[in-house]
Undergrad: 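First the structure, which I've put down as structure tokens, then a few questions once you've had a look.
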Amino acid sequence: MAAEIRLENVRKAFGKVVAVRDMDLVVEPGEFLVLLGPSGCGKTTTLRCIAGLERVDRGRVYIGGRDVTALPPSRRGIAMVFQSYAVFPHMTVAQNIAFGLRMRHTPKDEIKRAVKEVAELLQIDELLDRYPSQLSGGQRQRVAVARALVMRPEVLLMDEPLSNLDALLRLQMRAELKKLHREVGTTTVYVTHDQIEALSLGDRIAVMRDGEIVQLDTPHEVYDKPAIVFVGGFIGTPPMNFLRAEVRKADGRVYLAVGDFSVEVHEEWEGKLGEMVGTPVVLGIRAENIEVRPTPEEGTLPAQVIVAEPLGSQQLLTVQVGKDVLKVATSPELSVAPGQTIGLVLTKAKIRLFDEKTGEALKFD
Amino acid sequence: MSYPRLLRRTLLYMGVTAFALWVLIPIFFIGISSFTPRNEIYAWPKPIIPSHFSLDTMEFFLGSYGVLNSLLNSVWVALLTLSFTLAVGAPAGYAVARFFFRGREAFRLGILITRMFPTALLAVPLAVTFIRWGLYDTLVGVALIHTAMALPFAVIITTGIFMGVPKDLEEAAMTLGCSRFGAFARVALPLALPGLAAAAMFTFVISWNEVFAATILTVNNRTLPAHILTTIQASPLYFRFAGGFFMILPALFFMFLIRRYLFHMWGGATAER
Ligand SMILES: Nc1ncnc2c1ncn2[C@@H]1O[C@H](COP(=O)(O)OP(=O)(O)OP(=O)(O)O)[C@@H](O)[C@H]1O
Ligand SMILES: [Mg+2]
């Protein structure tokens, strides 16, 4: 039922714009893979190359071990949910859902049964006789998903299926899509530029930039250990903080100098960092991995509060450290005033270091 | 409403009214006169509303030598033109709407330029060519010329129609098992049908009203306008009224049906509301 998708060295350019740059990607059978990236990075094009709606310039596409590079969409065993839903306006909901099965010449009574079943699954069985113009956005979206699922595809492709829904409905549909995937188990590639959607839905996330996958990992890894500065800055609300630092050594201890202050590093890193003394690096740390002391004490990083935003379950501080601006998450009970100087303690184990020039994470294993 | 705006409005409506009357008054009199008893047409002062409704004039017109025949010819030519035009124009419009190809913009402009060529210039060469090809004085020949005249409009209208059908829909059909052509036939075509019908009516009217080419390219197989044109000098007034009425009939009828698409074709999407 669920098939593996494999892209080998796939390239697709539109004139001078390279939308997909020599991409290698393996999606495991039954996996829910999210393609995440900023607008124009080539997510849709990648999906369309898998679907066969775009002819690749070079490279090969395999679905379930079968080379489908030269096959039209109809013969790839895929189903797709479009961002616009692309529900046929001249057909009723039932006809829309049945369309693919009719193309396959499935017997009538079987089609009827399948349509009913999938409509119940998506809770649109009351709407089967309506035309799309009589549906809300959320209902149309369900029809599009039902129309794809009824095909029992080996691979389900979705292009930002929730982006046209309002925030509340999006939250609800997100949970439903996740549940649906657990029930159906189809290999799914899901495109979004909403990082929260990606974190909550994906078994793995492929973060894209300029037609390339820059990191392919579980949501936890992508969030916690971004492979490059770009990923840390793109994922998370607020995004990861970055500080300019320099590797120094004194009294046999390796540390990071942030302005005039020092930040301790993981003992295991000292060996490798010891060889890099004098090198400028970028220090990355997430807002929730910074502790706040009401006053700058010995061993803390002094910071000036610019803004304090109470956000319900937490309080978000915007502070200035040297020339860098950081976001710090604290308990809502902590009372600080703008202009106040506080002390920051960075959680040692959560610090990430990046090469200043390439932006790539330094590896210490 | 502010004073200048009121003034502008008033002027606009006066202008529109004058223009509409200028077009409608002759149509009104032609229509009325065609159903007036024959002797009353010459009455003076002429009553605006005739004393009674009569099919007398119409009967005389339809019974005149050659009229019924040319009426049928006109219908045939118009239907042939319509088929030729749609057969060529609709695929052309689809191609311009869907595919990028070298010279696409030049093609779109070039289509209209063909309309700038005066048919009068082509009259003699056309007649010679048609005689040589055996198309002279045939309905197919006239239909071919009418097709050439109607095609530019047909392509422009159908381009607009197919652009209005989202590409996504066809792609969705393709992911659901259709071939390219299947997706066109099952999704794009049904959605474009009302628009295509409008284009068809428009083509029909163009052919129905065309007089110049029809006159020079036929001798015995006259279309209605060609027949009226060649006999009008020798005809009584009531014959002319009845003939005029037949000429405007399809145009009036179709224009009411397709005016939404005409607005669309001229880029006035706002005019629809
Ligand atoms: N049909 C096309 N013709 C020309 N250029 C295209 C075409 N489709 C995409 N591109 C270009 O390819 C690049 C990638 O486009 P793509 O639609 O894949 O981005 P995306 O990641 O899906 O963005 P978004 O989040 O905005 O949907 C963009 O620079 C885009 O302008
Ligand atoms: Mg996209």
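Only this structure's heavy atoms are used, side chains among them; waters, hydrogens and symmetry mates stay out. We name chains A, B, ... by the order of the sequence lines, and we start the count at 1 in each one.
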Undergrad: Taking the side chain as every heavy atom from C-beta outward, state whether A:Met23 and A:Arg11 have any atom pair closer than 4.5 Å.
TA: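 Result no, sub-4.5 Å side-chain heavy-atom pair not found.
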Undergrad: Tell me, with the steps shown, if A:Arg113 and A:Glu117 meet salt bridge (charged side-chain N to carboxylate O under 4.0 Å, His left out).
TA: CA-CA 6 Å; A:Arg113 192 157 8 100; A:Glu117 194 181 298; over 6 Å; no
Undergrad: Please examine the side chains of A:Glu176 and A:Val145, heavy atoms only from C-beta on, and report whether any two atoms are closer than 4.5 Å.
TA: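 A side-chain contact is absent here, since even the closest heavy-atom pair is not under 4.5 Å.
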Undergrad: Can a side-chain donor-acceptor contact be found between A:Asp67 and A:Thr69 if the only test is distance below 3.5 angstrom?
TA: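 Yes - a donor-acceptor pair under 3.5 Å links their side chains.
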Undergrad: Which one of A:Gly100, A:Ala79, A:Ala51, A:Pro72 has the most heavy-atom pairs closer than 4.5 Å to chain B?
TA: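 Maximum pair count with chain B is reached by A:Gly100.
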Undergrad: Compare all side-chain heavy atoms of A:Asp57 with those of A:Val18 and state whether any distance is below 4.5 angstrom.
TA: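 When only atoms from C-beta onward are counted, A:Val18 and A:Asp57 do not touch, as no gap falls below 4.5 Å.
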Undergrad: Is the CG atom of A:Asp166 crowded by more than 12 outside heavy atoms at less than 6.0 Å?
TA: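 Buried by this count: over 12 neighbours within 6.0 Å.
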Undergrad: For side-chain contact (heavy atoms from CB on, under 4.5 Å), just list the numbers for A:Val34 and A:Glu197, CA-CA rounded to whole Å, side-chain angles, deciding distance to a tenth of an Å, and then say yes or no.
TA: CA-CA 9 Å; A:Val34 176; A:Glu197 221 168 276; over 6 Å; no
Undergrad: For chain A and chain B, what donor-acceptor pairs lie under 3.5 Å, backbone included?
TA:
unit_1: A:Arg48; atom_1: NH1; unit_2: B:Glu171; atom_2: OE1; d: 2.8
unit_1: A:Arg48; atom_1: NH1; unit_2: B:Glu171; atom_2: OE2; d: 3.4
unit_1: A:Arg48; atom_1: NH2; unit_2: B:Glu171; atom_2: OE2; d: 2.8
unit_1: A:Ser74; atom_1: N; unit_2: B:Met174; atom_2: O; d: 3.4
unit_1: A:Ser84; atom_1: OG; unit_2: B:Asp168; atom_2: OD2; d: 2.3
unit_1: A:His90; atom_1: NE2; unit_2: B:Arg186; atom_2: O; d: 3.1

Undergrad: Identify which part of B:Ala173 has an atom lying under 4.5 Å from any heavy atom of chain A, answering side chain, backbone, both or neither.
TA: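 For B:Ala173, heavy atoms of backbone and side chain both lie under 4.5 Å from chain A.
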Undergrad: Less than 4.5 Å to any heavy atom of chain B: does that hold for the side chain of A:Val81, its backbone, both, or neither?
TA: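 Nothing of A:Val81, per the 4.5 Å heavy-atom cut-off to chain B.
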